[in-house]
2 protein chains.
Amino acid sequence: MRRSERKIERIINYRRVLIKLERAGETNIFSHQLSALTNATPAQIRRDLMEMDTSGSPAHGYVVKDLIKSINNYIGADKEQVAIIGLGNLGKAITNYVNGSSENLKIVAGFDIKSEKVNRVVAGCHSYHLQDFEKIAKERGIKTVILTVPVRVAQDVAEQVTKAGVRGILNYAPVNLHLSDDIYVENRDMISAVEKVAYFSDH
Amino acid sequence: MRRSERKIERIINYRRVLIKLERAGETNIFSHQLSALTNATPAQIRRDLMEMDTSGSPAHGYVVKDLIKSINNYIGADKEQVAIIGLGNLGKAITNYVNGSSENLKIVAGFDIKSEKVNRVVAGCHSYHLQDFEKIAKERGIKTVILTVPVRVAQDVAEQVTKAGVRGILNYAPVNLHLSDDIYVENRDMISAVEKVAYFSDH
DNA sequence: AGATGTGAATGGGTTCACAGCA
DNA sequence: TGCTGTGAACCCATTCACATCT
């Protein structure tokens with residue numbers, strides 16, 4: 001089944017806040033409370049949760065623990081092994097950030113082509129020369145990469161990693177990648193993001 | 001008129017690639033060419049461009065120069081003054097990145113609360129203590145900020161800056177901000193982004 | 001009383017398909 | 001021939017509204 005991107009993104013957010021709630025000792029939650037924590041509407045949340053194998057009760061809402069389990073069951077809970085390509089400022093920042101906070105995935109390898117960037121450790125993650133990508137990716141079963149490389153090489157690097165078995169790319173380079181359409185690409189161009197917000201600040 | 005977020009985002013992307021094309025000496029472009037550069041479909045592009053005050057010709061497509069002018073006219077072309085709050089790794093990376101590449105905006109001031117982070121210069125941008133935000137924001141007419149602060153202070157900082165006149169926030173903290181609903185908030189949580197891509201790599 | 005679960009209605013964005021044109 | 005401009009059709013996501021449950 002082809003699932004909606006928007007919905008998956010929301011469900012991922014529900015899971016994060018539910019995990020926090022569980023840690024904080026909360027056992028139950030109503031859709032309107034989850035709404036306040038995620039900026040989805042209560043109706044949307046109930047709708048998203050419909051095809052989970054847990055249901056809530058009018059009296060006590062949803063059981064946090066069960067809901068987390070259902071979400072894991074729905075979207076998968078394997079601790080995903082991810083690689084990052086490009087260890088400039090942005091790459092290092094993302095690595096620190098993700099490895100410091102995510103429950104559900106880990107950046108396990110970094111890659112670059114500059115000799116002073118390889119064979120280091122950043123946020124508990126070893127860095128390699130890009131030419132070793134295929135070998136490491138196969139060993140680790142890496143199917144997802146974060147691309148934080150300069151625009152001029154982004155297409156080449158994307159082709160290289162997909163040839164090595166990568167199926168999904170989170171692309172921070174402001175360029176449209178052309179890849180086989182069974183590869184999932186998410187663009188997170190930061191400049192567009194700021195320009196967009198600047199536009200709406202004025203309108 | 002309330003304009004669609006998606007559409008504005010696409011138009012911002014069209015502008016960026018058009019500026020590049022103009023620099024490269026291209027004078028004309030067809031919708032299918034712009035499509036290859038932006039991952040919008042040709043029909044979508046023609047539709048987006050409908051309410052611009054330029055139209056294309058079947059024989060030569062759109063005139064790049066005119067189209068840029070129309071887009072500027074449509075969404076505004078003032079070089080927007082933006083501030084960034086939180087000068088950790090991510091904040092510094094974004095500042096370098098944006099100030100090195102954007103045509104249409106500039107990060108003109110950075111803010112932090114740690115004494116070792118204030119009174120520095122990052123990417124041509126002076127850093128101040130957060131307590132001076134209101135003063136600087138008023139002087140500079142800052143209406144847009146990028147938030148790269150820890151989760152636990154994000155809500156407080158967001159309230160502080162909106163009190164000082166900010167109208168739009170690009171929020172990198174993985175938390176849902178509660179603000180007056182005439183404030184535009186765009187969430188770009190990086191962990192969700194990676195988790196989403198990891199999900200679709202497997203599906 | 002106040003919440004969930006959900007069919008039905010709504011609304012908005014995207015794509016189709018084709019007339020008009022160089 | 002092959003593109004633009006655009007009404008109409010389509011499709012998908014969100015919201016409404018209410019029966020149901022505790």
Side-chain angles (χ1 to χ4, degrees), chain A residues 1-14 18 21 26-68 70-71 74-75 176 181 187 196 199-200 203, chain B residues 1-14 18 21 26-68 70-71 74-75 176 181 187 196 199-200 203:
Chain A
M1 195 224 312
R2 180 110 221 111
R3 284 165 172 172
S4 148
E5 291 193 26
R6 301 287 199 83
K7 182 173 169 178
I8 293 297
E9 211 167 353
R10 284 193 303 269
I11 291 176
I12 285 169
N13 285 331
Y14 303 155
L18 288 167
L21 288 170
E26 300 290 333
T27 59
N28 291 74
I29 190 164
F30 292 113
S31 63
H32 68 267
Q33 297 174 309
L34 197 47
S35 168
L37 295 167
T38 60
N39 87 346
T41 66
Q44 203 166 31
I45 290 169
R46 296 201 305 276
R47 174 74 56 196
D48 288 339
L49 265 30
M50 262 178 68
E51 51 192 280
M52 303 278 140
D53 55 16
T54 301
S55 56
S57 92
H60 307 102
Y62 302 89
V63 176
V64 173
K65 190 162 59 69
D66 295 352
L67 201 44
I68 293 171
S70 296
I71 292 177
Y74 186 79
I75 61 176
N176 188 39
D181 59 9
N187 293 303
K196 180 183 173 189
Y199 171 84
F200 283 105
H203 290 82
Chain B
M1 192 223 314
R2 179 111 221 108
R3 283 165 172 173
S4 149
E5 291 193 24
R6 300 287 198 85
K7 182 173 170 178
I8 294 296
E9 210 167 354
R10 284 195 302 271
I11 290 175
I12 285 169
N13 285 330
Y14 303 155
L18 289 166
L21 287 169
E26 300 289 332
T27 58
N28 292 73
I29 191 164
F30 292 112
S31 63
H32 67 268
Q33 298 174 308
L34 196 49
S35 169
L37 295 167
T38 59
N39 88 345
T41 65
Q44 203 167 31
I45 290 169
R46 295 200 303 275
R47 176 73 56 196
D48 287 339
L49 266 29
M50 262 178 67
E51 50 192 280
M52 303 280 139
D53 55 16
T54 302
S55 56
S57 91
H60 307 102
Y62 302 90
V63 176
V64 173
K65 190 162 57 69
D66 296 352
L67 201 44
I68 293 170
S70 296
I71 292 177
Y74 186 79
I75 60 177
N176 189 38
D181 60 8
N187 293 305
K196 180 183 172 190
Y199 171 84
F200 283 105
H203 290 83

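This one's a predicted model, so the numbers in the text were calculated from it and none came from an experiment. Reminder, nothing fancy here: chain letters follow the sequence lines and each chain counts from 1.
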Would a 4.5 Å heavy-atom cut-off, applied to side chains only, mark A/Leu49 and A/Tyr14 as touching? yes

Interatomic distance where CD1 belongs to B/Ile45 and C1' belongs to D/dT4 [whole Å]: 13 Å

Could you tell me the separation between the CD atom of B/Glu51 and the P atom of D/dT4, rounded to a whole number of Å? 18 Å

B/Ile11 vs B/Ile75 side-chain heavy atoms within contact, under 4.5 Å: yes

Please state how far atom CZ in B/Phe30 lies from atom P in D/dT4, giving the value in whole angstrom units. 6 Å

Quick one: which of D/dC3, C/dT4, C/dA17 gets closest to the side chain of A/Ser31? C/dT4

What is the distance, to the nearest angstrom, from the CE atom on B/Met50 to the C1' atom on D/dA8? 12 Å

Would you give the length of the straight line joining atom OG1 of B/Thr54 to atom OH of B/Tyr62, rounded to the nearest 0.5 angstrom? 10.0 Å

Which one, D/dT4, D/dG5, C/dT4, comes nearest to the side chain of B/Ser55? D/dG5

B/His32 NE2 to D/dG5 P, straight-line distance once rounded to whole Å: 14 Å

Under a 4.0 Å heavy-atom cutoff, the residues of residues 58-66 of chain A touching DNA chain D are A/Pro58

Any carboxylate oxygen within less than 4.0 angstrom of a Lys/Arg side-chain nitrogen, looking at A/Lys7 and A/Asp48? no

What do you reckon, is CG of B/Asp181 surrounded by more than 12 foreign heavy atoms closer than 6.0 Å? no

Side chain of B/Arg46: nearest nucleotide among D/dC3, C/dA3, D/dG5? D/dG5

When the distance from CG of B/Asn28 to P of D/dC3 is rounded to whole Å, what number comes out? 14 Å

Any side-chain heavy-atom pair from B/Met52 and B/Ile71 closer than 4.5 angstrom? yes

Can you give each donor-acceptor pair under 3.5 Å made by side-chain atoms of residues 28-36 of chain A, sequence neighbours left out, with the distance rounded to 0.1 Å?
residue: A/Asn28; atom: ND2; partner: A/His60; partner atom: O; Å: 3.2
residue: A/Gln33; atom: OE1; partner: A/Phe30; partner atom: N; Å: 2.8
residue: A/Ser35; atom: OG; partner: A/Ala40; partner atom: O; Å: 2.7

With rounding to the nearest 0.5 Å, note down the distance linking CZ in B/Arg46 to CE in B/Met50. 11.0 Å

Taking CG from A/Leu34 and P from C/dT4, how many angstroms apart are they, rounded to a whole number? 10 Å

A/Asn176 vs B/Thr38, side-chain hydrogen bond (donor to acceptor under 3.5 Å, both in side chains): CA-CA, chis, key distance, verdict: CA-CA 6 Å; A/Asn176 188 39; B/Thr38 59; 5.9 Å; no

Between protein and nucleotides 10-15 of chain C, map the contacts as a letter string: B base, S sugar-phosphate only, - none, heavy atoms under 4.0 Å, written 5' to 3'. ---SSB

